[in-house]
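Step one of this worksheet: look at the structure below.
Just so it is clear: chains get the letters A, B, ... in the order the sequence lines come, proteins before strands, and each one is counted from 1.
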Number of protein chains: 2
Amino acid sequence: MATLNHHPFLSSKLHLTKAKPRPIGPTAVRMSLQETGPSLAVVGVTGAVGQEFLSVLADRDFPFRSIKMLASKRSSGRHLTFQGHDYTVEELTAESFEGVDIALFSAGGSISKEFGPIAVGKGTIVVDNSSAFRMDEKVPLVIPEVNPEAMDGIKVGIGKGALIANPNCSTIICLMAATPLHRRAKVLRMVVSTYQAASGAGAAAMEELELQTREVLEGKPPTCRIFNQQYAFNLFSHNAPVLSNGYNEEEMKLVKETRKIWNDMNVKVTATCIRVPVMRAHAESVNLQFESPLDEDTARDILKNAPGVVVIDDRASNRFPTPLEVSNKDDVAVGRIRRDVSQEGTYGLDIFVCGDQIRKGAALNAVQIAEMLL
Amino acid sequence: MATLNHHPFLSSKLHLTKAKPRPIGPTAVRMSLQETGPSLAVVGVTGAVGQEFLSVLADRDFPFRSIKMLASKRSSGRHLTFQGHDYTVEELTAESFEGVDIALFSAGGSISKEFGPIAVGKGTIVVDNSSAFRMDEKVPLVIPEVNPEAMDGIKVGIGKGALIANPNCSTIICLMAATPLHRRAKVLRMVVSTYQAASGAGAAAMEELELQTREVLEGKPPTCRIFNQQYAFNLFSHNAPVLSNGYNEEEMKLVKETRKIWNDMNVKVTATCIRVPVMRAHAESVNLQFESPLDEDTARDILKNAPGVVVIDDRASNRFPTPLEVSNKDDVAVGRIRRDVSQEGTYGLDIFVCGDQIRKGAALNAVQIAEMLL
């Protein structure tokens, strides 16, 4: 994939090369946890989210005494430079988790289902970015700014393994904005329409979007390997399987994960999830109905003070959140905050939210969860 | 603008060159209306919609005895080939409408405001694609499949001029799908999120999207002339001015035009309008609340039988409407038809709609109105 210099969609390499070398001992040297932090493993390290795990760990100076780079057999043996040190990608096996305190998983649901419980059996705390365990009643589903209490009692150093699930990207980005408002006025119903980036389908999908765009501009037929139709200059209903109720799995994640994260089985959510030709940040149009009155100025103030949220809501100059603006950024951006003119007798707001799918939508949220384990 | 051979976003030239020559007399020869149809004028003929007027007139074998190609002074003198005949673009003046039966306007609101009444004064029936007269109580706002009765009594040949307004593209595309359902179960509330193409901002915006995309792929900073920010691989809140209630004008068109077209001042509508990097067809995610029960199978059947609507709703193969598929097509495509899981006690459906913005969203609808005048 050619490098898009002015618009580095894939940030990982950039971050990795610019990251300052830090004085970490070799992985074989194990010092005490208090001195140098936990031992880490990154599962699926060669993928888009895996690479972003490293980027976020470096950016946040996450303390660790060792880190294992794990991937499929196909990728094993590849070399990675991280914080000035060379690492060899190792094949993920049942033995990989020996002595690992925290493992960040992003290698797909089937890998999580197979190796997550093995890791937990070795005493590892697994932060899993797949959907494998999200709806498991015994597994906390956590956005640190929203429901940190869900992982109470899970800590590195108490010698017990555990699974913690990272919510789906669309859910995280939506709830980062909706939760502060929910706390004030209680959300009764949300109608969400998404504008989802290529990155949600992995690095190969981002490459396909770029390749297709070049092909279409050259008058060639677009190469369709990841998706079964043209993506360049087009959009389509999210590629997740469609269920018997007509919703696709991506949409039902928003419906079900919201209920679990808010611990509110009565909140009503509907979603329409659409893939748009944008590289790595999702946007969401969110219509909210509240139990209590909440005017738009109060909502804006609440959001301005919400952790991990930035308000971009300049009506005079028509400046609102865009995917490009939040790409490679930690904060979720919210704008278009306005009273819903279609609600009378109920209390409603419309908002528009953008967040980096790879970062807060995946890797950052997982690393924040890991930080809470320390 | 380079030609995108495999994906001719701008269809006009294609249509014009492939259109079969028809035996029409020179514009100076005026025969009886009954024999050869009305005399036409196209105002703004060099724009994206103006070009599409010609394309649609040719495709539909619209009868006429003469046609005037009108544009600004800047474009006058240019030559056009239409149905095998050469035409010279004439400068729009107050005298342009002498003897013209029907004028199709798409040259912006200020041109319509200035020249629309002049044309009407000459006995011309003006079909206006701008927003200038849409909310004027005396002017019918018409989608032929939806509210043909609004233009009862307006006919070519009765010697009187009149204004008829073409609704905004987003409204037309939304109501083509929503109206058949509204007739059955009465829509109480609609929540609309749009995915709007470059074409809505004109041919120059389409060229800018293409240029920017090339630039970004080459690592160059994108040229921003039409929009004040990067459009390639990005999306942003619609560029229409934002009003004091926080909605932009594009959104309020959906709110107000729906009420007028349905002649229902109580229907509740909210909209969030977003510009996506797609060339010429809009998509809309529409959440509907009905007064009466309407199950998804009945809704699908109703839509299958609705004129100007095609249902693409294949859950098993995840095939639903896309902007690319409806580009250069007349029909509005509807899919993702499903019962809204967030509505209990009310009757709700979610649908996803795509329609060609230049064609049914503008030129085709106007030509259909003109057909009803004959």
Side-chain angles (χ1 to χ4, degrees), chain A residues 2-7 9 189-191 193 195 209-210 213-214 216-217 219-221 228-230 233-237 239 241-242 245-248 255 268-270 272 274 276-279 283 285 287 296 315-316 318 320 322-324 335-344 348 350 352, chain B residues 2-7 9 189-191 193 195 209-210 213-214 216-217 219-221 228-230 233-237 239 241-242 245-248 255 268-270 272 274 276-279 283 285 287 296 315-316 318 320 322-324 335-344 348 350 352:
Chain A
T3 307
L4 306 181
N5 292 317
H6 276 270
H7 300 277
F9 299 131
R189 180 170 177 244
M190 284 202 294
V191 179
S193 294
Y195 305 68
L209 174 56
E210 186 184 337
T213 305
R214 290 184 192 280
V216 169
L217 289 173
K220 296 177 186 163
N228 62 358
Q229 56 190 318
Q230 182 176 328
F233 301 107
N234 196 21
L235 56 83
F236 46 82
S237 184
N239 47 297
V242 180
N245 67 356
Y247 284 75
N248 62 45
V255 174
K268 296 181 172 77
V269 179
T270 184
T272 298
I274 305 295
V276 295
V278 164
M279 280 290 169
S285 166
N287 178 270
E296 61 187 32
R315 294 178 180 180
N318 214 327
F320 301 108
T322 70
L324 200 64
R336 301 302 320 278
I337 303 160
R338 61 204 191 279
R339 188 181 74 77
D340 172 4
V341 295
S342 78
Q343 291 193 53
E344 283 168 27
D350 277 297
F352 188 67
Chain B
T3 307
L4 307 181
N5 292 319
H6 275 271
H7 299 278
F9 299 131
R189 181 172 177 243
M190 285 201 295
V191 180
S193 294
Y195 304 68
L209 174 56
E210 186 184 338
T213 305
R214 291 184 191 280
V216 170
L217 288 173
K220 297 176 187 164
N228 63 358
Q229 56 190 315
Q230 182 176 327
F233 301 106
N234 197 21
L235 56 83
F236 45 81
S237 184
N239 47 299
V242 180
N245 67 356
Y247 283 74
N248 61 45
V255 174
K268 296 182 174 76
V269 180
T270 184
T272 298
I274 304 295
V276 295
V278 165
M279 279 291 168
S285 166
N287 178 270
E296 60 187 34
R315 293 177 180 180
N318 214 327
F320 302 108
T322 70
L324 200 64
R336 300 302 321 278
I337 303 160
R338 60 205 191 279
R339 189 182 74 78
D340 172 4
V341 295
S342 78
Q343 292 193 53
E344 284 169 25
D350 278 297
F352 188 67

- request: Would you mind telling me which of A/Thr213, A/Asn287, A/Thr270 has the largest number of heavy-atom pairs within less than 4.5 Å of chain B?
  value: A/Thr270
- prompt: If every non-hydrogen atom of B/Tyr247 is compared with every non-hydrogen atom of A/Asp340, which pair is closest and at what distance?
  reply: OH-CA, 3.3 Å
- request: Go through the atoms of B/Val341 and report whether side chain, backbone, both or neither lie under 4.5 Å from a heavy atom of chain A.
  value: both
- prompt: Does the pair A/Phe236 and B/Asn318 meet the rule for a side-chain contact (heavy atoms from CB on, under 4.5 Å), with working shown?
  reply: CA-CA 10 Å; A/Phe236 46 82; B/Asn318 214 327; over 6 Å; no
query: Can you tell me how far CZ of A/Arg315 sits from CG of B/Asn248, rounded to the nearest 0.5 angstrom?
result: 11.0 Å
- line: One option among A/Pro241, A/Ser342, A/Gly348 has the most heavy-atom pairs under 4.5 Å with chain B, and it is A/Ser342
Option that, when pairs with chain A are counted at under 4.5 Å, heavy atom only, ranks first among B/Gly335, B/Pro277, B/Ala316: B/Pro277
message: Looking at A/Glu344, I'd like to know if its CD atom is crowded, meaning that more than 12 non-hydrogen atoms belonging to other residues, nucleotides or ligands lie closer than 6.0 Å.
response: no
field: B/Asn228, part contacting chain A, at a heavy-atom distance under 4.5 Å
entry: side chain
- request: For residues A/Asn234 and B/Leu324, report the shortest heavy-atom separation together with the two atoms involved.
  value: OD1-N, 2.9 Å
task: Check each atom of B/Asn245 against the heavy atoms of chain A and say whether the ones under 4.5 Å are side chain, backbone, both or neither.
output: both
message: At a heavy-atom distance under 4.5 Å, which candidate from B/Val276, B/Val269, B/Ile337, B/Asn239 has the highest pair count against chain A?
response: B/Val269
task: Quick one: pull up CZ in B/Arg338 and OG1 in A/Thr272 and give me the separation to the nearest 0.5 Å.
output: 4.0 Å
task: Spell out, as yes or no, whether a donor-acceptor pair under 3.5 Å connects the side chain of A/Tyr195 to the backbone of B/Ile274.
output: no
- request: Identify which part of A/Asp350 has an atom lying under 4.5 Å from any heavy atom of chain B, answering side chain, backbone, both or neither.
  value: side chain
- prompt: Which bit of B/Arg336 comes within less than 4.5 Å of chain A, counting heavy atoms only: side chain, backbone, both or neither?
  reply: side chain
